[in-house]
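This report concerns only the one structure given below.
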Amino acid sequence: MIQNGIFYRLQSPFVGDGNETSWMVVSQDQKQAIVGHYQVLSRPNPGFSRLLLKGLKSDTEYIVSGLSSTHYGDDLMYAGLQLKNEHTGIGIPGVEESGDFSS
């Protein structure tokens with residue numbers, strides 16, 4: 001999928017303060033996607049933010065790894081995924097690294 005999929009830059013590291021970047025690759029048939037969200041420095045008490053996805057089929061139901069529910073493509077593209085506390089990894093089972101330079 002990474003080699004033959006459609007690449008989207010969701011958040012550019014060259015815009016704003018450059019502290020966050022997000023990329024997404026969608027398969028040619030739009031049935032699967034891989035999303036990466038990365039931050040350089042953690043911020044104290046930043047609140048929650050949303051990551052709006054692109055290139056999905058609006059009427060297709062997607063399973064998001066780590067969530068117990070399914071979401072339609074239009075929900076993921078227009079409402080987005082809520083990131084937990086700047087996505088530092090704190091409180092996520094199996095994630096030991098948190099803080100600066102985490103993803």
Side-chain angles (χ1 to χ4, degrees):
M1 182 172 9
I2 291 175
Q3 182 178 358
N4 296 318
I6 302 166
F7 177 80
Y8 295 95
R9 181 183 291 162
L10 303 176
Q11 290 178 306
S12 175
F14 309 112
V15 176
D17 62 3
N19 193 48
E20 296 179 64
T21 186
S22 299
W23 298 323
M24 178 175 178
V25 179
V26 180
S27 64
Q28 293 289 334
D29 61 4
Q30 295 176 299
K31 292 184 179 181
Q32 295 181 338
I34 299 171
V35 180
H37 175 77
Y38 310 93
Q39 71 178 22
V40 179
L41 300 175
S42 293
R43 291 180 283 220
N45 301 319
F48 293 95
S49 61
R50 293 191 171 273
L51 181 62
L52 302 179
L53 306 185
K54 293 183 180 179
L56 303 175
K57 288 185 179 180
S58 295
D59 58 349
T60 300
E61 196 169 5
Y62 293 92
I63 298 170
V64 180
S65 297
L67 298 180
S68 59
S69 58
T70 60
H71 300 276
Y72 283 94
D74 58 350
D75 292 338
L76 296 170
M77 292 188 294
Y78 300 111
L81 292 172
Q82 184 173 353
L83 301 176
K84 296 181 181 181
N85 206 13
E86 290 294 313
H87 200 65
T88 61
I90 296 171
I92 299 174
V95 176
E96 296 175 16
E97 181 180 332
S98 63
D100 294 344
F101 308 103
S102 62
S103 61

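Positions are given from 1 along the sequence.
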Where T21 and P13 come nearest, the two heavy atoms and their spacing: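 It is OG1-CD, 3.3 Å.
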Nearest non-hydrogen partners of A33 and L56, listed with the distance: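 Of all heavy-atom pairs spanning A33 and L56, the closest is CB-CD2, 4.2 Å.
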Joint hydrophobic cluster, F7 plus L52, side-chain heavy atoms closer than 4.5 Å: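 Hydrophobic grouping puts F7 apart from L52.
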Full working for side-chain contact (heavy atoms from CB on, under 4.5 Å) between Q28 and I6: CA-CA 7 Å; Q28 293 289 334; I6 302 166; 4.1 Å; yes
Donor-acceptor pair, side chain of Y62 and main chain of K57, under 3.5 angstrom: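 Present.
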For residues 64-81, which side-chain N or O atoms pair as donor and acceptor with protein atoms under 3.5 Å away, sequence neighbours left out?
{"from": "S69", "atom 1": "OG", "to": "H71", "atom 2": "NE2", "distance (Å)": "3.2"}
{"from": "T70", "atom 1": "OG1", "to": "E61", "atom 2": "OE2", "distance (Å)": "2.4"}

Contacts of S27 that satisfy side-chain hydrogen bond (donor to acceptor under 3.5 Å, both in side chains) - sequence neighbours left out: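 If we apply the side-chain hydrogen bond (donor to acceptor under 3.5 Å, both in side chains) test to S27, skipping adjacent residues, the hits are D29.
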Test log, rule side-chain contact (heavy atoms from CB on, under 4.5 Å), inputs Q30 and T60: CA-CA 9 Å; Q30 295 176 299; T60 300; over 6 Å; no
Partners meeting side chain to side chain contact (heavy atoms under 4.5 Å, CB included) with V35 (sequence neighbours left out):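 Applying side chain to side chain contact (heavy atoms under 4.5 Å, CB included) to V35 gives L10, M24, L51, L53.
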Any pair counted as side chain to side chain donor-acceptor pair (under 3.5 Å), so long as it reaches residues 2-12, sequence neighbours left out: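 Matches after skipping sequence neighbours: Q11-S22, Q11-H37.
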